[in-house]
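Note sheet for the following structure.
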Amino acid sequence: MNAPRILLLPLTLLASAALLTGCTTATEPAAEPVTGGTLVYATGDAEPDCLDPHVGGNYPQALISTQYIESLVSKNADGEIIPWLATEWTPSDDGLTWDFTLRDDVTFTDGTPFDAEAVKTNIEHLKDPATASSTGYLAVGKIQTIEAVEPNLVRFGLSAPDSALLESLSQPWVGIQSPTALERDQAVNCESPVGTGPFVVTEWVKQQSIALERNDNYNSAPADAEHTASARLDAIEWRFIPDAATRFAALQSGDVDVIDNPQPNNIASAESDPAIAELDAPRPGASNRIELNSGKAPFDDERVREAFIRAVDVSPGIDTLFFGSAERSYSVLSSVELDGVALPNTFTVDPDAAKALLDDAGWDTTDADGYRTKDGVRLTLDFPVSTNQSIPAEQSLFEQIQSSAKDVGFEVKLNPTDLSSWYGALFTNEYNLVSAPYTKVGPDVLRTLYHSDSIIPAPSGYYANLAQLSDPTLDQLLTTASETSDVAERAALYKEAQSIIIEGFYVLPLYDQQNHYLYSTSVEGFRALPTVSAPTFYDAWLND
């Protein structure tokens, strides 16, 4: 029996792709759920520095925090916003005031009541520079005032209409934590954040594992959950196993139950293993792509950016290195974003055209090693690569890009590094190329990534506009789209914005951000939340 598998779909089938996101419930339970047992999850993502997703705000934090922290709203399989800790919401006619009605029967796992004051404390925590938030900070950027009108009614006052507000509030980086816990020292809260979720963090052994135990008093499942009341599992052991081969071997041997970030060849192998199933859940927001830093030479010259795009052929590498687990993207948005625009003709490979563009841009001489030069300076591109975020297959793809770029005279300096050093290179503008996964619910991720405001660092030091794209026309389109509630008008604005980004040669799209999970078929009820495709084990149970 082949392992259950959900295939990626091309961007041209966007409507179907939306359904694909809805297929993140991997399998139907084969029998009546049972209670008990410890599920072992092995992640290949980086170990978070802090388990509080407000601090910083990267994907490893989203992966685990979904087990113990919940959001005001969620999304269902059809992409619709659904209630979670908030039961309903009402915007004012001008879009500047939002009232959220909250559940009145929920308690944080430290005994603190969940109420409007708790929500107020959390938004203030996100906006406080001392928190050093990036993703969450950007998500609540337009919330100017927070008023606890009644215990179960909170009111947000916005600086401008925000058509993405509900999408932003559905993200784990804006999850709601106990205000009592947040009063503790940040280092303490990083070790043991307190939410309302189905599990509780009980122990963190650095570089090894995190222990999560069931919250027996849990009663706040999102509206699309399979059951109510507490989780079926007694506990989760969350292990950190960076090596992909070791992770997969642990799954095959039964030492772990679920792994993330499998190598493409492991995904292919799993197809013939009846004891392993696959869950394919592409992340929303941006596609996996390479940003060209237009904020400095040589990519401040559009001719050089186009030359690079024309020089490199990434499609053969994706075909051979990913074993059919990834499909070439020609869009800056993920395939699950309905407003995505694919422009494959912009990425036609043409080495001769690339060489002519470099000649025209003044890079018309060649050194002894075959690299282009200008005024005695070699055409060199610094490309730091985070080995914590990039799987080996992707790193091999980057090496192929490096090789094909050399054929027209680019020297691409690949620099594999750990996550901390990678951030350091970005913060100090020491890059020309960068692959920076960015997950956000909805097309407003374009504003986050390409509005010139995003060149200004968040309190964490991270700035999202790594292409350093600064275009007043684009800024205006993205601003207007973010303030437009009309769905069709909003989509048209985002599509126009994407054309500017793609046709300006600021980005080389590669493929969807990969969220492949391989898991033992003894695990039932496992799914990825439709918000950012992080795993949730609230409904999960072990069938042996």
Side-chain angles (χ1 to χ4, degrees), residues 24-25 33 35 51-54 61-77 80-89 99-123 125-126 136 148 150-154 166-182 189 192-202 212-236 441 525-532 534-541:
T24 53
T25 298
T35 300
L51 302 185
D52 170 0
H54 289 190
Q61 292 173 303
L63 282 171
I64 189 167
S65 66
T66 303
Q67 319 311 319
Y68 49 83
I69 292 176
E70 299 181 302
S71 302
L72 290 178
V73 297
S74 188
K75 292 184 79 174
N76 65 16
E80 301 165 335
I81 296 293
I82 58 174
W84 201 347
L85 292 178
T87 57
E88 56 186 50
W89 42 90
D99 284 350
F100 286 83
T101 301
L102 310 175
R103 290 186 60 148
D104 60 5
D105 58 346
V106 177
T107 302
F108 293 99
T109 53
D110 63 357
T112 304
F114 165 73
D115 57 17
E117 286 291 346
V119 175
K120 182 173 187 291
T121 298
N122 273 264
I123 302 299
H125 184 245
L126 284 160
E150 297 175 7
N152 68 332
L153 178 64
V154 66
L166 294 176
E167 294 167 341
S168 296
L169 294 176
S170 75
Q171 302 179 127
W173 304 288
V174 194
I176 305 300
Q177 303 177 55
S178 163
T180 304
L182 289 177
N189 200 63
S192 56
V194 177
T196 58
F199 296 94
V200 180
V201 178
T202 56
L212 303 163
E213 293 183 2
R214 181 173 56 214
N215 170 15
D216 289 328
N217 298 315
Y218 182 69
N219 67 343
S220 51
D224 63 340
E226 184 184 279
H227 78 296
T228 58
S230 58
R232 290 154 173 160
L233 296 167
D234 287 337
I236 301 171
V441 179
F526 163 49
R527 67 172 182 144
L529 278 179
T531 49
V532 299
T536 174
F537 295 102
Y538 166 61
D539 286 326
W541 52 283

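Positions are given from 1, in the same order as the sequence printed here.
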Regarding Gln171 and Ser71, is there a side-chain donor-to-acceptor distance under 3.5 Å anywhere?
no

Quick one about Thr109 and Asn215 (side-chain donor to acceptor, distance below 3.5 Å, no hydrogens or angles considered), yes or no?
no

Distance-minimising heavy-atom pair for [X] and [Y]:
X: Gln67; Y: Thr536; answer: OE1-CA, 3.8 Å
X: Gly175; Y: Asn122; answer: O-OD1, 3.5 Å
X: Thr87; Y: Pro83; answer: O-CG, 3.7 Å
X: Ala116; Y: Leu153; answer: CB-O, 3.5 Å
X: Phe199; Y: Leu233; answer: CE2-O, 3.9 Å
X: Phe526; Y: Pro535; answer: CE1-CB, 3.5 Å

Carboxylate-amine/guanidinium proximity below 4.0 Å for Arg232 and Glu226:
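Counted as a salt bridge, because a side-chain N and a carboxylate O are separated by less than 4.0 Å.
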
Could you check whether Lys120 pairs with Asp115 (Lys NZ or Arg NE/NH1/NH2 to Asp/Glu carboxylate O, under 4.0 Å)?
no

I'd like to know whether the aromatic ring centres of Tyr218 and Tyr538 sit less than 6.0 Å apart in this structure.
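Centroid separation for Tyr218 and Tyr538: below 6.0 Å.
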
Between [X] (side chain) and [Y] (backbone), is there a donor-acceptor pair under 3.5 Å?
X: Thr112; Y: Phe108; answer: no
X: Arg103; Y: Asn219; answer: yes
X: Asn189; Y: Pro193; answer: no
X: Ser170; Y: Glu167; answer: yes

Taking the side chain as everything from C-beta on, heavy atoms only, tell me whether [X] gets closer than 4.5 Å to [Y].
X: Val73; Y: Trp89; answer: yes
X: Pro53; Y: Ile64; answer: no
X: Phe537; Y: Thr66; answer: no
X: Leu51; Y: Val201; answer: yes

Please report the C-alpha distance between Gln61 and Asp52 in whole Å, then the side-chain angles of each, then the deciding distance to 0.1 Å, and finally whether the side-chain hydrogen bond (donor to acceptor under 3.5 Å, both in side chains) criterion is met.
CA-CA 7 Å; Gln61 292 173 303; Asp52 170 0; over 6 Å; no

For the atom pair [atom1] ([X]) and [atom2] ([Y]), what is the distance rounded to the nearest 0.5 Å?
X: Glu70; Y: Ser65; atom1: CD; atom2: OG; result: 11.0 Å
X: Asp99; Y: Glu88; atom1: CG; atom2: CD; result: 10.0 Å
X: Leu182; Y: His125; atom1: CG; atom2: NE2; result: 5.0 Å
X: Trp173; Y: Leu126; atom1: CH2; atom2: CG; result: 12.5 Å
X: Ile82; Y: Leu166; atom1: CD1; atom2: CG; result: 12.0 Å
X: Leu72; Y: Ser168; atom1: CG; atom2: OG; result: 11.5 Å

Option among Leu212, Asn217, Asp216 that satisfies the side chain to side chain contact (heavy atoms under 4.5 Å, CB included) test with Arg214
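With Arg214 as partner, side chain to side chain contact (heavy atoms under 4.5 Å, CB included) holds for just one option, Asp216.
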
Here's a test for you: under side chain to side chain contact (heavy atoms under 4.5 Å, CB included), which of Val194, Asp110, Thr121, Ile69 qualifies with Gln177?
Ile69

Would Leu102 and Phe114 satisfy side-chain contact (heavy atoms from CB on, under 4.5 Å), going step by step from the backbone distance to the final call?
CA-CA 9 Å; Leu102 310 175; Phe114 165 73; 3.8 Å; yes

Could you go through the side-chain contact (heavy atoms from CB on, under 4.5 Å) check for Leu85 and Phe100 one step at a time?
CA-CA 10 Å; Leu85 292 178; Phe100 286 83; over 6 Å; no

